[in-house]
Amino acid sequence: MAEYRAVRKQYSLIEICKTPEIAAGVTITAAEALGVDAAIIFADLLLPLEVMGLPFHFSPGEGPVIEKPLRDEQDVARLRTDRAGDLGYVSESVGLVCKHFGARLPVIGFCGAPFTLASYMIEGGGSKNYLHTKKMMYSSPAVWDQLLGKLIAVVAEYALEQVRAGADALQVFDSWVGCLSVEDYRRYVLPRTTELVNRLQESGVPVIYFGTDSATLLRSMKQTGAEVIGLDWRIPLDQGWRSIGSDRAVQGNLDPVLLFADWKELRSRAHDILQRAGGRAGHIFNLGHGILPETPVENVKALARFVQEHSPMTASAQVGIGSSID
């Protein structure tokens, strides 16, 4: 969006995240301009790493870079869990957005899932094969579990503070979990992710659990107990919903690149997703992953209007395109 690009000319991503008035402004501007049915707070997945003693920065064209990746038991032992309160600028942003919208629009808080955050911490950034992450999982399972436990201690408090500030729901992003086999997910990830979800549910708000390339993991992801499971575009929505079960809501699942298609094709694909949902309660129309920077804004607005006009707009059937913006 032009409005966001203007802000980025003045501030870095981290500066936006750490300045509540600016982060709230970016959140509000996007939600109002796009006409979506919920606003997700503007923040970065990796913010908790800094307060744990693991600095990072963003490298142009490369994304986040962890300056000193974790490699052994000593590295994990040095991580702190007593500074979650230092992330209060995010909950402050949530409070400002909630104050602005009042009862007009729900606000979604979010945090990273233990596996994805741990992978960043170990790999030092993006990865194609997750060599160091899986090596720690397989070779040092006790150290791996200690790392996830420390992450949960920080991330749970961080997310719960967002609820205390007014967030109506929490979304847990497990962006890299699709690299795992079902066996590895169930053994090394599911127990701790379930623990996090349970902690977040103590707040009384629903939890959305989202991963990418996760078609083979959906039945296991359901066992976290999250009220909503996010689907990416690699599996038809009705098939994914059957895997999860009708007792859970689903979020998804348009391919973000379809927003670059002409309106006829985009409308057809959106209509197909709605048809697969069948008007059942519990479908949040959304993208299957984050929206891309070059996306034509008018297509996003038109898509939101189309879904709203062709959906049974109940409390459990909403448009959440805004909650996919990275």
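Atoms considered below: every heavy atom in the structure, side chains included; atoms not considered: hydrogens, waters and symmetry mates. What you are looking at is a predicted structure, and each value in this text was computed from that prediction instead of being measured.
Both Trp263 and Val300 are part of a single hydrophobic cluster, where members link through side-chain heavy atoms under 4.5 Å apart. Residues Leu292 and Ile40 are members of separate hydrophobic clusters, defined by side-chain heavy-atom contacts under 4.5 angstrom among Ile, Leu, Val, Met, Phe, Trp and Tyr. Under the 4.5 Å side-chain heavy-atom criterion for ILVMFWY residues, no single connected hydrophobic cluster contains both Val257 and Met1.
Here the side chains of Ser181 and Glu183 are in contact, with some heavy-atom distance below 4.5 Å. Two residues are said to be in side-chain contact when any heavy atoms from C-beta on lie closer than 4.5 Å; Phe285 and Asn253 fail this criterion. Put simply, the side chain of Tyr11 reaches to within 4.5 Å of the side chain of Ile22, judged on heavy atoms. Side-chain atoms of Ile108 and Asp168, non-hydrogen and from C-beta on, never get closer than 4.5 Å to each other.
Here the CZ atom belonging to Arg78 is positioned 9.0 Å from the CG atom belonging to Leu70, to the nearest 0.5 angstrom. Once rounded to the nearest 0.5 Å, the distance linking CG of Leu151 with CG of Leu196 reads 9.5 Å.
Asp232 has a carboxylate O that lies under 4.0 Å from a charged side-chain N of Arg234, or vice versa, which qualifies the two as a salt bridge. For the pair Glu265 and Arg269, the salt-bridge criterion is met [side-chain N within less than 4.0 Å of a carboxylate O]. Lys18 and Glu50 are joined by a salt bridge, as a carboxylate oxygen and a charged side-chain nitrogen come within less than 4.0 angstrom of each other. Under 4.0 Å is where a charged nitrogen must lie from a carboxylate oxygen, and between Asp247 and Lys222 at least one such pair does. A salt bridge links Arg83 with Asp86; the closest basic N to acidic carboxylate O contact falls under 4.0 Å.
The salt bridge (Lys or Arg N to Asp or Glu O under 4.0 Å) test applied to Arg164 returns Glu157, Glu161, not counting sequence neighbours. With sequence neighbours excluded, the residues that form a side-chain contact (heavy atoms from CB on, under 4.5 Å) with Pro141 are Tyr188. In this structure, the salt bridge (Lys or Arg N to Asp or Glu O under 4.0 Å) partners of Arg192, at least two apart in sequence or on a different chain, are Asp145, Glu195.
Arg186 and Gln223 form a side-chain donor-acceptor contact under 3.5 Å, judged by distance and modelled atom types alone. With 3.5 Å as the limit, one finds no donor-acceptor pair spanning the side chains of His310 and Gln275. Looking only at atom types and distance, the side chain of Gln171 has a donor-acceptor partner in the side chain of Gln251 under 3.5 Å away. Checking Gln201 against Glu227 by side-chain atom types alone, a donor-acceptor pair falls below 3.5 Å.
Minimum heavy-atom separation, Ser93 to Ala24: O-CB, 3.9 Å. In terms of heavy-atom proximity, Leu160 sits nearest to Ser203 at CD2-CB, 3.6 Å. For Leu218 against Gly240, the heavy-atom pair with the smallest separation is CD1-CA, 3.9 Å. The two residues Cys17 and Phe42 come nearest to each other via the heavy atoms SG-CE2, 3.9 Å. For the residue pair Ile16 and Ala23, the shortest heavy atom distance occurs at O-CB, 3.3 Å. Between Cys179 and Phe115 the shortest heavy-atom distance is SG-CZ, 3.6 Å.
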Inset, instruction - Kindly indicate, with the supporting measurements, whether the criterion salt bridge (charged side-chain N to carboxylate O under 4.0 Å, His left out) is fulfilled by Arg80 and Asp82. - result: CA-CA 6 Å; Arg80 298 181 61 172; Asp82 60 342; 3.0 Å; yes
Legend entry - Evaluation steps, side chain to side chain donor-acceptor pair (under 3.5 Å), between Glu15 and Gln10: CA-CA 9 Å; Glu15 286 174 332; Gln10 301 180 62; over 6 Å; no
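The only option from Asp272, Asn286, Leu303 that meets the side chain to side chain contact (heavy atoms under 4.5 Å, CB included) definition with Leu254 turns out to be Leu303.
Side-chain heavy-atom separations under 4.5 angstrom define the hydrophobic clusters, and Trp233 shares its cluster with no other residue.
Counting only residues at least two apart or in different chains, ring pair (Phe, Tyr, Trp, His ring centres under 6.0 Å) contacts with residues 45-97 comprise Phe56-Phe58. Within the structure, the side chain to side chain donor-acceptor pair (under 3.5 Å) test picks out no pair touching residues 19-30 (sequence neighbours left out).
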